Amino acid sequence: NAGVTQTPKFRVLKTGQSMTLLCAQDMNHEYMYWYRQDPGMGLRLIHYSVGEGTTAKGEVPDGYNVSRLKKQNFLLGLESAAPSQTSVYFCASTNGGTVDEQYFGPGTRLTVT
Amino acid sequence: QQPVQSPQAVILREGEDAVINCSSSKALYSVHWYRQKHGEAPVFLMILLKGGEQKGHEKISASFNEKKQQSSLYLTASQLSYSGTYFCGTEEAGGSYIPTFGRGTSLIVHP
């Protein structure tokens, strides 16, 4: 039981390049989330999904897109990376539909130069 | 709406106590508490539901006062392993079970 995994762990992009971050969970959770964490800002929700085939915007969605084609996977895309997207990205999952703890992945450290 | 945590930072010696507060301007349904060590993912500590409950986990406990829309995390007889950043996450009453996290409180425990 791996829990929540994220790929890649580190990435450096040049401004304007694109990339996709992959989050996978093996707990059969319904809800999945993407957060970004910047120093002093806490965890800010980018997008989330309440089930396979659904996505919704969070607090800071601009510049990101997501897809949830399979229940176990939640992809975060950056179409044209900007230096302001330099951050640590965390994926999380929960059973959803009720108050429940979030299980976090190990994070992806992204630097955009 | 992002909850407000206080203080921003706490420095303690082993064995001392600390209190971290989390408050919201909105009516709350639940409060989550997580701890994050440097370079690692946040780890769940506890969830408190409205009803004014208090929960505990070893020497870490928390209370939730729904009337005041705030929660407090109590760390008793701090250990070196308690060092890290503590985040509260709040869910608004009538919301969608999606917590909003505060900016965190950095706790440093010295020997």
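Being a predicted model, the structure only gives us computed values, none of them experimental. Here is the naming used below: chain letters follow the sequence lines, and residue numbers restart at 1 for every chain.
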- Item | Considering all heavy atoms, the nearest E40(B)-F90(A) contact | O-CZ, 3.8 Å
- Message: Quick check: closest heavy atoms across D100(A) and H32(B), and the distance to 0.1 Å?
- Response: O-CE1, 3.4 Å
- Item | Hydrophobic cluster membership, M32(A) vs V50(A), 4.5 Å side-chain cutoff | no
- Query: When hydrophobic residues are tied together by side-chain contacts of less than 4.5 Å, even through go-betweens, does L80(B) share a cluster with L75(B)?
  - Reply: yes
- Query: Do L45(A) and I98(B) come within less than 4.5 Å of each other through their side chains, counting heavy atoms only?
  - Reply: yes
- Identify the residues of residues 55-78 of chain A whose heavy atoms come closer than 4.5 Å to a heavy atom of chain B, ordered by number, or report 'none'. none
- Can you measure from CG (L45(B)) to CD (E101(A)) and round to the nearest 0.5 angstrom? 10.0 Å
- What part of Q5(B) is in contact with chain A, defined as an atom under 4.5 angstrom from a non-hydrogen atom: side chain, backbone, both or neither? neither
- Message: Other residues, nucleotides and ligands only: do more than 12 of their heavy atoms fall within 6.0 Å of CD on Q17(A)?
- Response: yes
- Query: Is it the backbone or the side chain of Y35(A) that comes under 4.5 Å from a heavy atom of chain B, or both, or neither?
  - Reply: side chain
- Between Q2(B) and chain A, which part of the residue has a heavy atom less than 4.5 Å away: side chain, backbone, both or neither? side chain
- Query: Tell me, do F87(B) and Q37(A) make a side-chain contact under 4.5 Å, heavy atoms counted?
  - Reply: yes
- Item | Contact listing (chain A partner; residues 101-111 of chain B; heavy atom under 4.5 Å) | F101(B), G102(B), R103(B)
- Message: Check for me, please, whether L49(B) and F44(B) land in the same ILVMFWY cluster - side-chain distances under 4.5 Å, paths through other members count.
- Response: yes
- Task: Considering non-hydrogen atoms only, spot the tightest contact between P106(A) and A41(B) and give its length.
- Result: CA-CB, 4.3 Å
- Query: Is there a chain of hydrophobic side chains (I, L, V, M, F, W, Y, each step under 4.5 Å between heavy atoms) that links Y33(A) to I47(B)?
  - Reply: yes
- Aromatic contact, Y34(B) with F104(A) (centres under 6.0 Å): yes
- Message: Looking at R109(A), I want to see if its CZ is surrounded by more than 12 non-hydrogen atoms of other residues, nucleotides or ligands under 6.0 Å.
- Response: no
- Message: Grouping I, L, V, M, F, W and Y whenever their side-chain heavy atoms are under 4.5 Å apart, do Y86(B) and V10(B) come out in a common cluster?
- Response: yes
